[in-house]
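We number each residue from 1, following the sequence as shown.
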Amino acid sequence: MTNPTDLDLTGTTIAFLATDGVEQVELTEPWKAAEAAGATVHLVSLRDEVQGFDHLDKADTFPTDRRVADANPSVYDALVLPGGVANPDELRTDDAAVGFARTFLESGKVVAAICHAPWTLVEAEAVSGRRLTSWPSLATDLRNAGADWVDEEVVVDVDGGPGTLITSRKPDDLPAFNEALLDALSRVGAAVGG
C-alpha cells in the first residue's frame, strides 16, 4: 500500500466536489491522504457550507472554499467526487456541477469517484466506454450510459477515454481508493517534472 508520507504531491491541487448529504468519511479520508502527501485541497460546492452524513445520520459541516459556479477547473490537477446518496443526486441536477466534472475528464485529468458519485459522471455523459465500479444500485444506470460496470474494490481506467478515472464501491474500499488516487497523482506529477 502507498504510504502518503512516501509521496510528495506538493504543487498538486485537488478539487473535492460535494454538497449536503455527502458521506463524510468519503470526503475526509481522501482529503487527509492527499494533504498528508503535500497536496492542496479545496472543497467546491453549490453552497457556502456542506452538511456531512454518516450514512443516514447528520455528521459534521464543512466550509466551502469555492462555489462551483465560480471555480475554474484549469487550476486543479484532479477532481474527487465523494458519495452519499443525496450529494451526487443533487449535484447531477446542477448544470455548473455537471459541467465542472465533465471538464476534468475531457481535459485528461484525474477523476476519482466513490459510491454513488458516478451519478454525476453519468449526467456529464462521461462514462461511455469507461470501465468502472460504484455502489451496486448504480450498476444499471452506468451500463445504460455505456459504461462497463464491474464489482471490484477499485477500478483505474486509463484506456476508456481521456484522463484517469478511479472508482470504488463503498467506504470499506477507501484504503484502495486513496492509494489509487495518490498513485495516479504521483505519476501525473512525475510526467510533468513535478
Side-chain angles (χ1 to χ4, degrees), residues 1-19 22-50 52 60 62-83 87-88 91 96-115 117-118 120-121 124 126 130 132 154-168 173-194:
M1 177 176 283
T2 301
N3 183 344
T5 59
D6 293 340
L7 298 174
D8 183 6
L9 297 181
T10 303
T12 302
T13 306
I14 305 168
F16 282 71
L17 178 59
T19 195
V22 65
E23 184 70 31
Q24 183 161 311
V25 72
E26 294 174 2
L27 171 65
T28 58
E29 291 305 308
W31 186 292
K32 287 180 205 172
E35 278 191 328
T40 300
V41 292
H42 292 160
L43 180 56
V44 177
S45 185
L46 308 178
R47 49 187 54 88
D48 295 328
E49 187 175 76
V50 173
D60 299 323
F62 302 90
T64 299
D65 294 296
R66 290 185 179 64
R67 284 189 175 238
V68 70
D70 301 324
N72 180 354
S74 70
V75 303
Y76 297 104
D77 301 293
L79 173 66
V80 175
L81 297 166
N87 166 51
L91 290 175
V98 171
F100 188 75
R102 181 185 299 119
T103 299
F104 280 83
L105 282 169
E106 287 178 348
S107 61
K109 295 184 180 183
V110 174
V111 174
I114 187 167
C115 198
T120 305
L121 300 177
R130 305 301 301 245
L132 62 133
V154 65
V155 176
V156 180
D157 180 285
V158 294
D159 298 322
T164 298
L165 177 59
I166 301 162
T167 52
S168 283
D173 297 340
L174 279 165
F177 181 77
N178 292 346
E179 182 177 1
L181 173 64
L182 297 179
D183 181 61
L185 289 171
S186 68
R187 282 186 282 111
V188 168
V192 294

- request: Check the pair Leu105 / Leu79 against side chain to side chain contact (heavy atoms under 4.5 Å, CB included), numbers first and verdict last.
  value: CA-CA 9 Å; Leu105 282 169; Leu79 173 66; over 6 Å; no
- prompt: Can a salt bridge be assigned to the pair Glu29 and Lys32 using a cut-off of 4.0 Å between side-chain N and carboxylate O?
  reply: yes
- prompt: Is Asp48 paired with Arg67 through a side-chain N to carboxylate O contact shorter than 4.0 Å?
  reply: yes
Among [options], whose side chain to side chain contact (heavy atoms under 4.5 Å, CB included) with [X] holds?
{"X": "Val111", "options": "Thr103, Leu81, Thr120", "value": "Leu81"}
{"X": "Val44", "options": "Leu17, Asp70, Val50", "value": "Leu17"}
{"X": "Val41", "options": "Thr12, Thr13, Asp65, Ile14", "value": "Ile14"}

Could you measure the distance from the [atom1] atom of [X] to the [atom2] atom of [Y]? Nearest 0.5 Å is fine.
{"X": "Leu9", "Y": "Leu181", "atom1": "CG", "atom2": "CG", "answer": "8.5 Å"}
{"X": "Thr28", "Y": "Leu174", "atom1": "OG1", "atom2": "CG", "answer": "8.0 Å"}
{"X": "Ile114", "Y": "Ser168", "atom1": "CD1", "atom2": "OG", "answer": "5.0 Å"}

[X] side chain to [Y] main-chain N or O, any donor-acceptor pair under 3.5 Å?
{"X": "Asn87", "Y": "Pro82", "value": "yes"}
{"X": "Arg102", "Y": "Ala126", "value": "no"}
{"X": "Glu26", "Y": "Gly83", "value": "yes"}
{"X": "Ser45", "Y": "Ala18", "value": "yes"}
{"X": "Lys109", "Y": "Pro162", "value": "no"}

- request: Answer yes if the side chains of Thr19 and Arg47 hold a donor-acceptor pair under 3.5 Å, and no otherwise.
  value: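 Result is yes, a qualifying pair exists.
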For the student: nearest non-hydrogen atoms of [X] and [Y], plus distance:
{"X": "Pro118", "Y": "Cys115", "value": "CD-O, 3.3 Å"}
{"X": "Phe100", "Y": "Ala71", "value": "CE1-CB, 3.6 Å"}
{"X": "Ala184", "Y": "Ile166", "value": "CB-CD1, 3.8 Å"}
{"X": "Val98", "Y": "Ala124", "value": "CG1-CA, 3.5 Å"}
{"X": "Val110", "Y": "Phe104", "value": "O-CD2, 4.5 Å"}
{"X": "Ala101", "Y": "Leu121", "value": "CB-CD2, 4.4 Å"}

query: Under the side chain to side chain contact (heavy atoms under 4.5 Å, CB included) criterion, do Thr167 and Val154 qualify, and how do the steps go?
result: CA-CA 6 Å; Thr167 52; Val154 65; over 6 Å; no
message: My understanding is that only one of Phe16, Phe62, Tyr76 makes a ring-ring contact (aromatic ring centres under 6.0 Å, His included) with His42; could you say which?
response: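 Running ring-ring contact (aromatic ring centres under 6.0 Å, His included) over Phe16, Phe62, Tyr76 with His42 returns exactly one hit, Tyr76.
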message: side chain to side chain contact (heavy atoms under 4.5 Å, CB included), that's the test. Do Val80 and Trp31 meet it? Break it down for me.
response: CA-CA 9 Å; Val80 175; Trp31 186 292; over 6 Å; no
message: Does atom CG (Asn72) have a neighbourhood of more than 12 heavy atoms from anything else shown, all under 6.0 Å?
response: yes
Test item: Leu46 and Leu91 side chains (from C-beta on) under 4.5 Å apart, heavy atoms: yes
